[in-house]
Structures are given as C-alpha cells and as structure tokens.
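First listed ligand is number 1; within each ligand, the first listed atom is number 1. The structure displayed is predicted, hence computed values, not measured ones.
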Amino acid sequence: MKYGIDIGHNCPPVDTGAVGIRKEDELNKQVGDRVIEKLKALKYEVVDCTPSFASNLGNSLYKRVNKANEEKVDVYVSIHFNSGGGRGTEVFAISKEGKDIAKRVVDAIATLDYVNRGVKDGSWLYVLKNTKMPAILVEGGFVDSKEDMQRFNAEKTANAIVKGLTGSTVNEKDSENGDAKPSVDIALLKMQNGLNILNILDYTGKKLNEDGIMGEKTISSVKRFQGIVGLEINGINDLKTNVALANILSKPLLKFGNNNIVANRYIQWRLNIIIDGIFGNDTEKAVLKYQTIKKINVDGIVGIITWNGLIV
Ligand SMILES: [Zn+2]
C-alpha cells in the first residue's frame, strides 16, 4: 500500500494557503509531516507529493497530481485547512472508493470535537479530478474559527487522519484517552521566548518553560500579554499576537506623540502607569523618572538604551 501525501499549498510565492487566526500553510505542514511520519512508522510506503517550487498556481497543482500519478500511489491525500467563516471538518472526494475513505477520515477528525461537516463532492477540485487513484482532500478545520483554532492539535489531527486511512494509530493508547503527546510548535516556542524576554509571567508568577507546548501556563501568559497590548484576549498564539510581540521585541523608538499604540501600552505597563496607548505627558514623565533611577540619558525618549534596560 502506497500513500501519496500532498501538504496543501506550502509552495510560495505562487501557492500559499488561507490566513485567519492562524496560517493554513503552517497547519497543513505540521499535520502533513506527522501524517507522513506515522504512515511510515506503520510500514506504509509514502510519497510526499508537495512540490518544492512551482512557476504558478496551476503548475503547483499539476506537480502534485503528476507526482501521485507517476509514482502510482494507491491513495492520494491532500491536506488543507479551511477559511471563510464556518467551523468544523469536511473531506472532499469524487469516486465511491474515495468517498468511503473520506467518510472514515472525516469521522475520525470529528471525534476530536470538531463539527462534522461530512463528505463533500470534490468534482470541482483539480487535484481530485486529475489523480488516477482514489483521492481525498481533507479540510481539518477553519483557520478563521476561534473554536477550531483553540482545539487545533497537529498531533491529534494527524493521528485521526492516519486512523481514518489505515484503521491504526501510531500512539494508539495515548490518542484513545484523548491525551496524545502534546506537539511541539515552533511558532509557539518563539512566542514563549518572546514573552519571557518581555517578562510577561504566567499565572503562577513565573517565566514560561520554553517547550513549544500550549499548556495552561502559556495560555495564561498569552492572555496577559494580549490584555496589556489591547488585543482580543483569546489565549491563542495567533497572527495579531505574533505581530504585536515582534513589534515590541524590535525595540521601536518611542517618543512624545508617537502612534505605536501596542509598544506604548507595553511601556506603560512596565512603568506601572495607566495603560491607554498614548505617549503623552504622563508617559514621558514616567520614562524620565525611570531614566533618572537607572542613571541613563534622561531625555524622556524610549530609545535603544532605555529598551535595553527594560528588556534584555
Ligand atoms: Zn487550502
């Protein structure tokens, strides 16, 4: 048995996925890599059908299909996440055989507490139309749904897909009690590191373990940070939170009247004054005071030396 796994999009700049609370490309990759790994662990042959480059979108799709057809895989699986305002999981197929596989996969993903949108007709989808074997296109959830993204776990989704395809899971015991080994998320690892640099402590008052795992402590720090910078407090390592964190870590120059609300709010939080995002008289006064105490150039401007005093 030979599986062709196509990690949706991930072929920039011509073929990139949807962007919502999280990026589809990231999720497809996290899930797809694990599906490949798990199928191999179960001793199946696996062909990665994801192209490393393409000249345009059509070429990206063509290469995926061509790889599957040339390698004569037995089943083709394209892995995606949805966007557009819905929630839940759905799997597309055309042939009867494809739809049977699709049904097992969508039911397996739905056991992770996703809305089961069922098997859908995929006769409009290029990769399903042009592959010569039973083929499915998995939509693991919606990248713009808060519920779906809070639930998202690459390890569990990959286990479910493999379970649907083969009837087995690699970490059978772990996944059955709903307690699969948490997956390390590189983006989250960066977030945890950034939160530690910014001294955003967890609910126990400590810095985070930089382990790439979304646990209660990390969620509490993410929420605290979102509150400080004025974002929606959802505890998700989402794009807006990443952008805000990167903004502050870049140590932007802040002086009277600047409009960097996110960074101003952070400085106000650090200086323990009212957080309103406006660098006015009160903020300038607080900065002057901080500079005086720290014996650094007293100018009321948050430049690199002042930043270096606050975040190391
Ligand atoms: Zn997609």
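Distances under 2.8 Å from the Zn ion (ligand 1) pick out the protein N/O/S atoms His9 NE2, Glu24 OE2, His80 ND1.
If you check the side chains of Asn196 and Glu210, you find a donor sitting under 3.5 Å from an acceptor. Side-chain contact, Asp15 with His9: a donor N or O sits under 3.5 Å from an acceptor N or O. In the model, Thr218 has a side-chain atom that pairs as donor or acceptor with a side-chain atom of Gln192 under 3.5 Å.
Here Arg117 pairs with Glu90, Val115, Lys120, Phe142 under the side-chain contact (heavy atoms from CB on, under 4.5 Å) rule; sequence neighbours left out.
Salt bridge present: Asp33 and Lys29 bring a charged side-chain N and a carboxylate O closer than 4.0 Å.
Closest approach of Arg64 and Ile7 over heavy atoms only: NH1-O, 3.0 Å.
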